[in-house]
Amino acid sequence: MNRMAFDILLAKLLEGSIQEDELELLVREAAQDEQLQMALLEQIRIDEGVRLLQQESRGGPTFAEGVAARLTADADRFEFLHRVLDRTDQRTQRTLFRRVAVVAGLLTCTAALLLAAIWLNGPRQSSTRLAAQRIVVPTAPPRLERGAVAPLDAGVATIKQLLQVEWSDAAEARVGDALTTGRRLRQRAGTTQVQFYRGAVVTLEGPAELEIRGINEAVLHSGKAWANVPEPAQGFLLLTPDVEVVDLGTEFGVEVVPGHRTEVSVFSGEVELHAPQTGRLEQSAISLTTGQGLAIGHGLSQAIAVDRDRFGSDEQLRQRQQRKSLEGFERWRQWSAAARQDPRMLIYYRFEPEDENATQLANEALDAEEAAGYVIGGQWTEGRWRGKRALDFKRPSDRIRFHLDGEYNAITLAAWVRIDGLDRPLCSLMLTDGYEYGEVHWQFNDKGELGLAIESTCNRYSESLVDLTDLGKWIHVASSYDRTTGEVHQYFNGRRVDSLQVEHPVAARFGAAEIGNWSQPVSQPPLQIRNFNGRMDEFLLYRTALDESEIREMYEAGKPH
Amino acid sequence: MHRQDEFAQIVLAHQAQLRMFVRMLGVAPHSVDDLAQDVFVIAYQRWDTLDNAENAAKWLRGIARNLVRNELRKQSRRRRILNTALTESLLQVEEPQADAWQEDGWLDALRACLAKLPPQSRELVAARYERDAASGELAEELGTTADAVRQTLLRIRRQLKTCIEGQLGETRE
């Protein structure tokens with residue numbers, strides 16, 4: 001083909017009158033000859049340049065207005081665009097427009113500002129932080145009260161794990177706590193794992209704020225989290241200021257930088273993204289699958305690389321938890337060794353028998369020559385940490401018997417227990433046989449109130465400390481009595497929860513007594529059953545009224561998490 | 001600078017070159033603006049991935065290439081490109097590092113050169129581009145053949161190219 005023939009085809013191409021076979025010929029020729037290729041590009045460029053200058057409708061501002069108009073288009077408009085697109089297109093193409101559709105709903109204000117900026121070209125002070133304020137937090141439904149007839153569970157989720165968590169406010173949460181709708185977890189640091197009753201597990205890492213919204217729904221207001229959603233929890237909904245994530249059975253990570261953006265990374269499975277508060281219509285959803293990530297902010301979205309290592313994993317958590325458990329166990333061991341040296345200690349059962357078949361539980365207080373414990377029934381099991389032993393009390397026959405002589409002007413009772421049920425009107429922690437003048441009874445009632453009774457002096461119950469949702473958690477309880485001041489104090493997890501001044505203090509006595517049960521002196525008729533349902537892995541009795549700081553120290557040294 | 005302002009400036013600064021670039025990837029003349037607007041919408045969405053506004057032109061061209069590549073996968077009825085083979089070959093063209101037409105003054109130079117054209121050429125250009133008249137139509141009016149009109153237009157465009165190079169050279173000196 002000579003140059004003139006090529007030029008004619010080229011000119012036909014530019015004016016749009018080229019035939020299909022001519023075009024193919026042109027392309028073939030250009031591909032073989034670099035000069036023709038250059039000429040082709042030159043001619044197209046000049047042609048487009050002249051068109052831009054000669055066609056009034058194609059001025060720069062008009063074009064920019066068109067761009068702004070696209071950014072203002074609402075979701076419907078983009079949905080329309082999406083519809084008219086070829087349905088046989090590659091998924092990527094559809095996804096692209098789906099993204100546009102999703103962000104379009106957020107764009108109205110942004111695009112208006114853009115348009116204004118194009119025309120006025122002046123700074124716009126009202127920024128685009130609109131997206132961040134889109135979530136309107138509905139008032140939480142009224143909390144369900146525990147009824148007198150049948151207990152109701154208002155919880156929708158529970159704390160599964162905590163690792164080195166520093167809370168941002170006074171509302172601390174503990175492992176096993178039941179979380180109700182509306183509950184906010186605000187942490188400055190650490191890792192909190194929340195398990196929803198439907199099965200979804202959300203793990204907060206570092207500074208973060210999570211609001212519980214229901215059995216399968218939460219709001220991540222800020223910070224980083226990853227979620228694992230098993231099959232029964234499919235449809236788990238995680239809301240953020242910028243985007244709503246519907247989980248279709250998967251593992252994904254989310255990071256919210258308030259007022260800036262939200263990043264969603266899918267590690268496995270599939271999630272659906274929706275613009276906030278648009279009703280989560282199926283047709284406007286963005287689908288993200290394994291290995292896909294999207295950042296959404298200011299109404300815009302952009303693909304991001306998924307980095308699984310930016311988020312923690314169950315395996316990591318397990319290892320950290322194990323390390324922490326070892327550290328906790330070790331911390332307690334050190335405290336325990338020092339505490340044994342305290343001459344005020346009367347009885348110390350550490351529940352660490354050398355032989356679990358032996359029936360005797362050594363009193364490990366410094367000068368203890370008496371008051372060994374005798375284990376009757378019960379099952380040895382795991383205590384607060386992996387490797388720590390505990391005795392499980394279940395049957396009405398399970399108990400530890402001991403005998404302690406003497407009269408005491410002051411006492412402190414303390415124990416670490418895991419209550420598995422409050423299924424009797426009274427549940428024994430430590431009760432002297434019978435109940436005679438000066439004898440000590442220490443127990444929970446079925447309302448979860450901790451009671452210290454010294455016959456003829458006091459019979460005092462605290463506020464309710466344990467309810468059904470607290471069952472199965474390790475707790476620290478302590479009660480102190482001082483005859484000289486008449487003061488009675490009760491403590492729960494290192495915190496003083498009850499105080500009383502008695503009018504006629506007497507000396508406290510023990511004699512024959514039981515941990516976890518109650519017996520009658522020989523030859524007396526049988527008593528109502530008060531057996532303890534749960535585990536105990538440490539029991540302490542002092543001949544002094546420990547003060548609050550000492551109780552707190554004991555709690556801090558021995559707390560399981 | 002506020003993002004909207006910055007983006008507006010980017011649109012205004014790059015729209016002409018980008019539209020020419022889009023056309024040079026084989027996009028049909030009447031679809032050039034449509035596709036170029038798509039490029040900016042996507043650019044706005046992915047604004048955060050632009051590390052430096054100075055790289056905007058190259059970045060925009062990258063988005064344009066991807067969009068045009070997507071066109072290849074569409075059914076012909078929906079397509080905004082003229083021909084698969086043409087676009088495929090144009091997508092393969094290596095971009096020169098710095099090309100005069102990508103410079104800010106290029107369009108101004110073209111405008112100046114158009115003004116310098118002899119009156120007859122200017123009239124032909126106006127007829128062809130303002131009215132979007134086909135060569136056959138113009139040939140009838142001028143009493144010549146369509147191919148002759150095409151040859152003339154090609155020659156005028158070559159003149160313009162030479163003129164622009166001269167203009168840009170002068171401003172550089």
Side-chain angles (χ1 to χ4, degrees), chain A residues 4 7-8 10-13 15-17 20 23-24 26-27 30-31 37 41-55 58 60-61 63-64 66-67 70-71 85-86 88-90 92-93 96 99-100 103 110 113-114 116-118 121-124 127-128 295 298 300-302, chain B residues 1-5 7-9 11-12 15-16 19-20 23-24 28-29 32-33 36-38 40-42 44-49 70 73-75 77-78 82-83 85-86 89-90 93 101 106-107 110-111 114 125-126 128-130 132 134-136 147 150-151 153-154 157-158 160-161 164:
Chain A
M4 192 183 279
D7 284 347
I8 294 295
L10 178 51
K12 282 185 167 180
L13 170 73
E15 69 181 38
S17 59
E20 199 67 28
L23 183 53
E24 272 159 30
L26 177 83
V27 172
Q37 175 94 269
L41 288 170
E42 277 304 336
Q43 287 285 327
I44 297 176
R45 174 184 308 148
I46 305 278
D47 186 67
E48 191 61 30
V50 176
R51 273 161 40 91
L52 284 173
L53 292 177
Q54 296 286 317
Q55 297 176 348
R58 298 188 70 208
F63 178 85
V67 174
R70 291 204 181 189
L71 296 177
L85 273 174
D86 190 343
T88 63
D89 280 355
Q90 295 286 319
T92 48
Q93 178 68 17
L96 176 72
R99 283 176 189 176
V100 174
V103 301
T110 311
L113 287 174
L114 170 64
I118 286 168
N121 214 9
R124 278 283 160 288
S127 81
T128 55
H298 303 313
L300 300 167
S301 62
Q302 107 196 30
Chain B
M1 195 193 296
H2 281 262
R3 178 185 167 146
Q4 287 78 29
D5 301 325
F7 187 68
Q9 286 191 3
V11 173
L12 290 172
Q15 48 85 19
R19 286 193 277 177
M20 286 190 276
R23 178 87 190 282
M24 285 161 72
V32 165
D33 287 8
Q37 284 176 348
D38 280 355
F40 282 109
V41 168
I42 288 162
Y44 192 77
Q45 287 171 236
R46 301 185 187 169
W47 191 235
D48 292 347
T49 64
N70 285 341
R73 294 197 283 261
K74 290 187 177 182
Q75 276 182 358
R77 213 154 48 88
R78 309 278 187 220
L82 290 170
N83 174 275
L86 176 66
S89 81
L90 292 173
V93 176
W101 72 274
W106 192 90
L107 214 60
L110 175 60
R111 189 180 284 112
L114 278 169
V125 167
R128 168 71 193 94
Y129 289 95
E130 280 176 20
D132 203 15
S135 295
D147 278 358
R150 289 180 184 125
Q151 291 280 16
L153 285 168
L154 275 170
R157 286 190 288 261
R158 271 189 215 118
L160 288 171
K161 178 190 173 255
I164 291 164

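Letters go in sequence order (proteins before strands), and every chain restarts at 1. Computed from heavy atoms alone, side chains included, the values below leave out hydrogens, waters and symmetry copies.
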**Q** Which atoms of A:Ile8 are under 4.5 Å from chain B, going by heavy atoms: the side chain, the backbone, both sets, or neither?
**A** both
**Q** B:Lys161, B:Glu130, B:Arg157: which one forms the most heavy-atom pairs within less than 4.5 Å of chain A?
**A** B:Arg157
**Q** At their closest point, which heavy atom of B:Ser89 faces which heavy atom of A:Val27, and how far apart are they?
**A** OG-CG1, 4.0 Å
**Q** For the interface with chain A, which of B:Val125, B:Thr49, B:Leu153, B:Leu160 has the highest count of heavy-atom pairs at distances below 4.5 Å?
**A** B:Thr49
**Q** Checking B:Asp147 now: which residues fulfil side chain to side chain donor-acceptor pair (under 3.5 Å) with it, not counting sequence neighbours?
**A** B:Arg150
**Q** Check the pair B:Leu86, A:Leu13 against side chain to side chain contact (heavy atoms under 4.5 Å, CB included), reporting the backbone distance first and the verdict last.
**A** CA-CA 11 Å; B:Leu86 176 66; A:Leu13 170 73; 4.0 Å; yes
**Q** Measuring from A:Glu48:CD to B:Met20:CE, what's the distance to the nearest 0.5 Å?
**A** 8.0 Å
**Q** Measuring from atom CG of B:Leu110 to atom CG of A:Leu53, what distance do you get when rounded to the nearest 0.5 angstrom?
**A** 5.0 Å
**Q** Any heavy-atom pair between the side chains of B:Ile164 and A:Ile46 that's under 4.5 Å?
**A** yes
**Q** Would you mind reporting whether A:Glu15 and B:Arg128 have side-chain heavy atoms less than 4.5 Å apart?
**A** yes
**Q** Can you tell which part of A:Leu41 gets under 4.5 Å to a heavy atom of chain B, answering side chain, backbone, both or neither?
**A** both
**Q** Side chain, backbone, both or neither: which part of B:Ala36 has a non-hydrogen atom closer than 4.5 Å to chain A?
**A** both
**Q** Tell me every residue that passes side chain to side chain donor-acceptor pair (under 3.5 Å) with B:Gln151, counting only those two or more places apart in sequence or in another chain.
**A** none
**Q** Given side chains that start at C-beta, do those of A:Gln55 and B:Asp33 come closer than 4.5 Å, heavy atoms only?
**A** no
**Q** Does any part of the side chain of B:Arg23, heavy atoms only, come nearer than 4.5 Å to the side chain of A:Arg45, both counted from C-beta?
**A** no
**Q** How about A:Gln37 and B:Leu90: do any of their side-chain heavy atoms sit closer than 4.5 Å?
**A** yes
**Q** Check A:Leu52 against B:Ala16 and note the closest heavy-atom contact, atom names and distance.
**A** CD1-O, 3.7 Å
**Q** Taking side chain as everything from C-beta outward and backbone as N, CA, C, O, which of these in B:Leu154 sits under 4.5 Å from a heavy atom of chain A? Side chain, backbone, both or neither.
**A** both
